[in-house]
Amino acid sequence: MSGNPYTKAPPVGKPGRPKSVQEPLFRFLPRHVTAAQVQKAMEGDINPFTKQPHTPQYKKILEMRKMLPVYAQRNEVLKMFSDNQIVIIVGETGSGKTTLIPQFVCYSDLPHTKGKLVACTQPRRVAAMSVAKRVADELDVPLGKQVGYSIRFENMTEPGTTFLQYMTDGMLLREAMNDPDLQRYSTIILDEAHERTLSTDILIGLLKSLAKRRSDLKIIIMSATLDALKFQKYFSSSETREPAPLLRVRGRMHPVEVFYTQEPEPDYVEAAIRTVLMIHRAEDPGDILLFLTGEEEIEDACRKIKLEADDLVNQDPESVGPLICIPLYSSLPPQQQQRIFDPAPSPRVPNGPPGRKIVVSTNIAETSLTIDGIVYVVDPGFSKQKVYNPRIRVESLLVSPISKASAQQRAGRAGRTRPGKCFRLYTEKDFMKELEEQTHPEILRSNLSNTVLELVKLGIKDLVRFDYVDAPAPETLMRALELLNYLSALDDDGNLTALGSIMAEFPLDPQMAKLLIVSPEFRCSNEILTIVAMLSVPNIWLRPPYRRREADEAHALLSVPDGDHLTLLNVYNNYKQNLGDRNWAWNNYLSQRALAQADNVRSQLQRNMERFDIDLVSTQDQRKLYTNVRQALVCGFFMQVAHREGEKGAYLTVKDNQVVNLHPSCGLDNQPEWVIFNEFVLTTKPYIRTVTEVRPEWLLEYAANYYDLSSFPDGETKRALQRVAGRRSKKAIEPEGSSNGRSSKQQKKAQQRQKKGQQKSPMDPVDVIVVRMQQIQMQQQ
DNA sequence: GAGCACTGC
């Protein structure tokens, strides 16, 4: 344990004032506050943080707070906090740890007396918002004053007033990029650490080393039970090797009885439907939650359940009650998601058999959304999970068996309001022997180019030896470094370049950040800004079943034959011309929600661009503009290029040589020889999605390093490029050879560099940008 | 011939 500079801080309370009535925190010694003191402050008539009398509802809420299991353990919590720099707290859902522990920390740490904050991170925005609201109510203060939240697009805090800040883990990571010591905070609480999001994992690593530099910083890691040992070991004392201190808080859950199948089920969807109907026929009243893997599966199952349930009711109206089946997945509009809170249907006739509600959901109901009143859970044991293949640089979603931890979490959903039952559609033996203990943390399943850029910006020099809780595959790190080097974000020694430093400031994938930064050189930064924003939001295209043809026709009217990126630009411009009209979006089968989100992202990115003095420019002539946009796209996405092979519409990705097809949603009116793509998706087949035609000359010109033919793998793609390079060098000798309005002087420079044979000669537009960035940085210093 | 869930000053 390190020294604690606050132990000598004077007790709170002005000496002239006699009684603790005016000063409820009188004699509170920061970080040595006792449970009795906290209890007294909580029960007092004066709010210790506002010095105002408590409102009448305060006492009501206080009674509920006192019922939470964590309250009963306040003694242990406060003592642990006083005695240690780093504490691990584990607790089941319903323990009250997310709301109460940060409050106890505030009563003890007294951050407001030293101009600091207590941060509590959440993996999700909605959680950060709703918990902050809840805690503000509990402490009887307005939300955004003493208690606030900070999430992307919304800062509900008041500098100087807020001392308890809920925030997304991603936000704290962003903050660390500009203040690696996180000086604003006196205590940092990482909640839901067991979810092991990318941001949480990086934060854990940073905090471990920060704890050594800042002995005054306290850290609390909160997690579900199973991971406790791992975190304890990870945070063990470097001197004594003692595991970090652990506190278990009890949950308040009702028992859930778990059933397994005798034999493995060959078709889990069919088995799930059968089980749901069996529960409906035979079990006591209570709602059902069924976990399936995706939208299509869910809609399909809902249809079948409804049909079969109607049959049952018709056959036996005396004993089978009515049933509603509600689908739940993230791409549903929020209004429809709200339906999960509808009550179960009433009996058809007075005193008839009661109705039942069935929610059929993706994993969203496992972590993000809780539905009260669920008594039965049906768990087929699968979910779609992200997997990353560094060899071909492809992230994809695969239906995979869930982990034991996940299965437990799912079962727990049945016991929130009363004792429940969980039907697992696999054998007990499979549960014990086949399921992994934990879901692999995201850092092992993701493309890390973004994360690596963040880490380098955070000042982490040796990425391989960074103290990860779980170290990613070296090949994944290598792939990320390679990409960042080709993008000129890192130099050949892995150091952050001026360009890379700016790129890291944008909440974007490095390719897109690069694209945005070079876009003024192509006189189309307004348009690239739009395209990047549109690529950063979920799918904008709606395609309701039974309306597929109409939707496709509407989309065809908006599409630009030169490429899907330009179609996105066109859709956004039309959306703005129609003033963001909901009906216009709906009539064109577009998601108004996604478009509004893109508009929001666009403004945020625009503010970033202005901060770095990146010009917002356009080209008037539309043909020219479209060409410029396509050229700029090459500067970011030159590694995501495919070349047509043969006549059957097959493409080969450059260098990786993966056979891919244009995704059916692609709007190109022909099959161009060269295309760049935004995404490689592996569903029924390997597809490339959001595709735009490019000229091979642009690849050689704007991505000369990557398209250095001497190091290019042999094949048809290389031969095609060689033919282009041959034509190009002939053309360059002619005096009028300027292809892109670039001066012959610039071209000469480029040729000279190529002659010199520099392995990593930077691309021209970047040259210009890097110099300008350096100037800006010098000005700022 | 077609997408789990999150996130980013």
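- A close approach under 4.0 Å does occur between a side-chain nitrogen or oxygen of A:R125 and OP1 or OP2 of B:dG8.
- Atom CG in A:D201 sits about 19 Å away from atom P in B:dC6, given to the nearest Å.
- Residue-level contact check: A:D169 touches neither bases nor backbone, having no heavy atom under 4.0 Å from any strand.
- Whole-Å rounding puts the A:I298 CD1 to B:dA5 C1' distance at 12 Å.
- Residue A:L397 is classed as a base contact, given a heavy-atom separation below 4.0 Å to a base.
- Here A:T197 does not reach the OP1 or OP2 of B:dC6: none of its side-chain N or O atoms lies under 4.0 Å away.
- Rounded to a whole Å, the CD1 atom of A:I202 is 18 Å from the P atom of B:dT7.
- Residue A:T362 is classed as a sugar-phosphate contact, given heavy-atom separations below 4.0 Å to backbone atoms only.
- Among the nucleotides B:dG3, B:dC6, B:dA2, the one closest to any side-chain atom of A:S665 is B:dA2.
- Heavy atoms of A:L508 sit under 4.0 angstrom from at least one base atom.
- In this structure, A:E505 pairs ionically with A:R611, as a charged nitrogen and a carboxylate oxygen lie closer than 4.0 Å.
- One cannot find a donor-acceptor pair under 3.5 Å joining the base of B:dA5 and the side-chain atoms of A:R124.
- Of the candidates B:dG8, B:dA2, B:dA5, B:dG8 carries the atom nearest the A:P507 side chain, counting heavy atoms from C-beta on.
- Between A:Q597 atom CD and B:dG8 atom P the separation is 11 Å, expressed in whole Å.
- Taking atom CD on A:E553 and atom P on B:dG1, their separation rounds to 19 Å, with Å as the unit.
- By the side-chain contact (heavy atoms from CB on, under 4.5 Å) test, A:S400 is found to be paired with A:Q385, A:L398, residues two or more places apart in sequence or in another chain being considered.
- In this structure, the nucleotide among B:dA2, B:dG3, B:dG8 sitting nearest to the side chain of A:R689 is B:dG3.
- The distance between atom CG of A:L398 and atom P of B:dA5, rounded to the nearest whole Å, is 16 Å.
- The A:Y687 side chain lies nearest to B:dA2 when the options are B:dA2, B:dA5, B:dG8.
- Nucleotides of DNA chain B nearest to A:L328 and A:D509 differ in position, and the one nearer the 5' end is that of A:L328.
- Remark: C1' of B:dA2 and CD of A:E296 are 8 Å apart, rounded to the nearest angstrom.
- Backbone-only engagement by A:M171 is indicated by non-hydrogen atom pairs under 4.0 Å involving sugar-phosphate atoms exclusively.
- Backbone-only contact: A:T293 has heavy atoms under 4.0 Å from sugar-phosphate atoms and none from a base.
- Between A:T168 and the phosphate of B:dT7, there is no side-chain N or O to OP1/OP2 separation shorter than 4.0 Å.
- Among the protein residues, A:N661 comes within range of no part of the nucleic acid, since none of its heavy atoms lies under 4.0 Å from any strand.
- Both A:Q604 and A:Q385 lie near DNA chain B, and the one whose nearest nucleotide falls closer to the 5' end is A:Q385.
- For the pair A:D300 and A:R303, the salt-bridge criterion is met [side-chain N within less than 4.0 Å of a carboxylate O].
- Among the heavy atoms of the strands, none lies under 4.0 Å from A:D179.
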Which donor-acceptor pairs under 3.5 Å do side chains of residues 364-371 of chain A form with protein atoms, sequence neighbours excluded?
{"residue": "A:E366", "atom": "OE1", "partner": "A:S406", "partner atom": "OG", "Å": "3.1"}
{"residue": "A:E366", "atom": "OE1", "partner": "A:R410", "partner atom": "NE", "Å": "2.9"}
{"residue": "A:E366", "atom": "OE2", "partner": "A:S406", "partner atom": "OG", "Å": "2.5"}

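- A:Y329 has its OH atom 10 Å from the P atom of B:dA5, to the nearest Å.
- By the 4.0 Å N-to-carboxylate-O rule, A:E195 lies close enough to A:R124 to be salt-bridged with it.
- Each of A:Y651, A:Y687, A:W541 was checked for a ring pair (Phe, Tyr, Trp, His ring centres under 6.0 Å) with A:H663, and the lone residue meeting it is A:Y687.
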